[in-house]
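Counting convention: from 1, in listed order, for ligands and their atoms alike. Keep in mind that this is a model prediction, so the values were computed, not measured.
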Amino acid sequence: MGLKHTLKLGLREVYARVLFYSGLHALVNALMPRRLVILAGHCVKPERGEWPAGQHLSPDMWIGEAQLEAIVRWFSPRYEVVSIGDGLSKLQSRRGKSLLALSFDDGYRDNARVLGPLLARTHAGATVFLESRPLDERRVNWSHKYFWLLGKLGHETLVERYGAHSGPTQTFLTLNQMIAESRGNERYHLKRILKYDAPPEERDRALELAFVEAGGDERALCEELYMDWDEARGLATQGVELGGHSVTHAILSRLAPDEQRREIEGGAQSLARGLGKAPTTFAYPWGRRWDYDESSRAAARAAGFTCAVNMHPGVHRRAAPAYDLPRVAIDGGARVHLLVAEACGGFELLRKLGLDLAE
Ligand SMILES: [Zn+2]
């Protein structure tokens with residue numbers, strides 16, 4: 001980590017603490033224009049009971065139930081805690097409290113079993129973005145097979161088995177070289193190669209063969225990870241907004257425009273069939289700016305989505321561009337004072353002064 005980045009993180013921490021503990025956040029909130037901040041998480045880990053999905057997920061994929069509830073309860077009396085759709089429509093009015101929207105991506109089972117009850121007891125709104133293939137076919141995207149294999153085999157054997165199925169491809173050679181040099185944090189470096197450099201067909205096939213060979217059962221894994229249609233409909237009945245998140249969670253910017261349309265429209269049609277209501281909010285899979293492009297925006301609009309969110313931090317005001325809405329990621333490392341500094345407009349104030357501490 002560079003000195004500049006370390007300094008930035010330190011400054012950000014001090015600034016957020018001063019705002020939070022001095023109570024100045026309330027003054028900044030009152031002075032800054034009304035805004036909407038969207039939080040983005042994946043799973044909510046239950047405080048009690050079994051959570052089989054946990055063994056197949058990396059730590060940045062979940063936040064604890066009590067931790068999330070503490071965040072919601074801090075914001076509830078001070079902000080309106082809403083779904084993205086409600087937040088955007090309420091933002092059209094200049095008056096009222098500022099807004100905090102909760103959102104959770106992919107459609108994990110704990111969203112129905114843990115998040116749903118949490119929202120009910122805190123009277124908070126939220127948006128849950130659903131990948132459609134796990135619902136329709138009980139199949140998971142390659143990243144879950146990768147993490148399952150990593151847990152079962154370790155990274156060295158995983159790469160060796162990948163090579164056994166892919167042959168000596170460029171991807172295998174790169175992965176193998178990384179293992180040989182044993183570069184730090186292989187878990188993420190390897191995933192990055194598989195995500196951005198590997199030809200998708202080769203990757204999906206090699207991981208699938210390795211997964212089956214190691215005794216993996218895709219349907220069983222999907223059952224552990226993803227909710228089913230009944231659970232999705234249960235959330236909708238409860239008032240949770242359900243949004244689109246493509247069919248297979250592909251990196252849209254790597255697809256031709258017609259393939260992007262199939263992913264985005266296909267997901268929307270599946271949700272309309274399964275829920276009896278067409279979704280209007282879309283989340284780009286992976287969500288970084290380089291993971292989607294102009295064709296993705298156009299396809300989202302054509303599929304009937306009125307807005308789309310990404311995975312970069314920021315706040316919205318009334319004139320926000322509807323197909324590039326930023327979100328603040330939350331996981332087990334989420335801290336109330338940092339979220340408050342963003343939500344009250346504190347970081348935005350600094351950005352206006354030319355100092356971006358958010359990323
Ligand atoms: Zn996702």
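Counting only residues at least two apart or in different chains, salt bridge (Lys or Arg N to Asp or Glu O under 4.0 Å) contacts with residues 73-92 comprise Arg34-Glu80, Glu69-Arg73, Glu80-Lys90.
Of all protein atoms, those that are N, O or S and lie under 2.8 Å from the Zn ion (ligand 1) total 3.
Tyr196 and Asp291 form a side-chain donor-acceptor contact under 3.5 Å, judged by distance and modelled atom types alone.
The line from CZ of Phe282 to OG of Ser246 is 5.5 Å long, rounded to the nearest 0.5 Å.
Checked against a 6.0 Å centroid threshold, the rings of His249 and Trp286 count as neighbours.
In this structure, Lys45 forms a cation-pi arrangement with Trp62, its terminal cationic atom sitting closer than 6.0 Å to the ring centre and no more than 45° off the ring axis.
For the pair Arg233 and Asp230, the salt-bridge criterion is met [side-chain N within less than 4.0 Å of a carboxylate O].
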